[in-house]
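Naming: A, B, ... by sequence-line order, numbering from 1 per chain. Computed from a predicted model, the values in this text were never measured in an experiment.
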Amino acid sequence: MALSNVLQTPAAGFNFDNAARNAALEGLFDGRTPTPLKTGTTIAGVVFKDGVVLGADTRATSSEVVADKMCAKIHYIAPNMYCCGAGTAADTEKTTDLLSSNLTIFSLNSGRNPRVIMAVNILQDMLYRYHGQIGASLILGGVDCTGNHLYTVGPYGSVDKMPYLSMGSGHLAALGVLEDGYKPDLELDKAKELVCVAIHTGIMSDLGSGNNIDICVITRQGVDYIRPYQVSEYQDKRKTKYKYGPGTTPVLTEKVVPLKLEVVEEAVQPLDTA
Amino acid sequence: ITFGDPGKMRDYHYTGPVEHRFSPYSFNGGTVLAVAGEDFAIVASDTRLSEGYSIHSRDSPKCYKLTDTTVVGCSGFHGDCLTLTKIIDARLKMYKHSNNKTMTSGAIAAMLSTILYGRRFFPYYVYNIIGGLDEHGKGAVYSFDPVGSYQRDTYKAGGSASAMLQPLLDNQIGFKNMEGVQHVPLTQEKAVQLVKDVFISAAERDVYTGDALRVCIITKEGISEQTVPLRKD
């Protein structure tokens, strides 16, 4: 059995396969080409004594309208690595998915746990190759045999390794809190509290961030994905119930088509619900 | 009327040489709503003032009291809102001094239309809605576009979340798109509760709407104000 390729090394140069198709499609949209869903976000990460804490808000906006109030921005990469994504929602989703798949192939092939620096190299390589066309700003955190690591990868392929980071439209608000509160070798509760306050500041100061806060704690022992870590204090306070009784929508015509069913084969499988 | 990109966060993406032009307008967000009842009128607005993805103020209401029976709600570019309300106040005083009486809601609406059209070729970037009582004591709502086209309505929403609020009001007050429902006339309590609920919904989905809601209720007794908190995130 031939060894499957660990990573498909991409063809040299830029890939212009879709250029002709895009030019043709542009004419069909009457000047109003669809805008990609951006997550307009606050994401942050902190390295603490025993590992890494990642945090994110849960609002996804589509040009100033909230599209998703409970969006998951902390993506699984490997059992010891998670990645927060800001920017174009589809790009962060697909890029992290692709990275996760490639690292799984690597683990199976080599029998080793993937290292954080490998994930960062793959991301950087891919994003640079697309010259910023993939709008993904990522914060990758993980624990491997070499220690606890936190990296950020920008949409153009830039990489930074820092003990605390924030990205997204609310990054400046969060960074203020992190700069003030960060100390090396924090305890777990203090680190979670710091990230939570940083994300909360982003939620209050930035219009693109909002709703709940998700936290992900990665240590040698395992991962604690807390979703939501803190639920938004602004819950539904509407007084009146807006319900419609049957008959509110008029029925114009009714057509009943009876389905003629013929029992071909019957198989009963009892479910163990104990 | 298009006023260019409404305060979007700029993408830092180098696409080649770009000509930068100074834009005299800026979009400061905010939603305004007015409802006319049998003997009352309600003008409500949120109090958030924003620009781009930042918040300038959480306490900047957009309802401006003009007379004892008229309130105007202005949203859009805050600079033009302030100047326009100053001009309306001055014109109200001039009318009072020449004619020895206060302007009626209908007269204010007609005047506002001419003021706005006077700047047809460099418009006031303001979406106005006037709410008040007419000469017969009945509720009146007048809605405007930035260059002065106006009409009398029963209810109207304007500003950033107007597209979300208007269909809901059409359904709940106008009984549109429904059948077999009793057309009960709107009471003041029900109208106020509806306005509050509708703004809570708008704050959920529109990033520019939130912080607090200012409700002005206009009756023959005068103008009473209520402030209700909204989402701050």
Legend entry - Heavy-atom donor-acceptor pair, Arg205(B) side chain to Val66(A) backbone, under 3.5 Å: yes

Legend entry - Side-chain (Arg238(A)) to main-chain (Ile200(B)) donor-acceptor, under 3.5 angstrom: no

Inset, instruction - Tell me, for Ala67(A) versus chain B, whether the close heavy atoms (under 4.5 Å) come from the side chain, the backbone, both or neither. - result: backbone

Legend entry - Portion of Ser205(A) that has a non-hydrogen atom of chain B nearer than 4.5 angstrom: backbone

Mind checking the [atom1]-[atom2] spacing from [X] to [Y]? Nearest 0.5 Å is all I need.
| X | Y | atom1 | atom2 | value |
| --- | --- | --- | --- | --- |
| Leu172(A) | Ser54(B) | CG | OG | 9.0 Å |
| Arg59(A) | Asp233(B) | CZ | CG | 4.5 Å |
| Arg231(B) | Ile203(A) | CZ | CD1 | 9.5 Å |
| Leu207(A) | Tyr53(B) | CG | OH | 8.5 Å |

Legend entry - Toward chain A, the part of Gln172(B) with a non-hydrogen atom under 4.5 Å: side chain

Quick check: are there more than 12 heavy atoms from other residues, nucleotides or ligands sitting under 6.0 Å from [atom1] of [X]?
| X | atom1 | value |
| --- | --- | --- |
| Lys65(B) | NZ | yes |
| Lys161(A) | NZ | yes |
| Asn121(A) | CG | yes |
| Lys69(A) | NZ | yes |

Legend entry - Proximity of residues 148-170 of chain B to chain A, residues having a non-hydrogen atom under 4.5 angstrom: Met164(B)

Legend entry - Residues from residues 180-194 of chain B approaching chain A under 4.5 Å (heavy atoms): Val181(B), Gln193(B), Leu194(B)

Inset, instruction - Write out all pairs satisfying ring-ring contact (aromatic ring centres under 6.0 Å, His included) with one or both partners inside residues 160-181 of chain A, taking only residues at least two apart or from two chains. - result: Tyr164(A)-Tyr182(A)

Inset, instruction - Consider only side-chain N and O atoms of Tyr242(A) and Asp197(B), and report whether a donor and an acceptor are under 3.5 Å apart. - result: yes

Inset, instruction - Anything in residues 244-255 of chain A with a heavy-atom distance to chain B below 4.5 Å? Please list those residues in order. - result: Tyr244(A), Gly247(A), Thr248(A), Pro250(A)

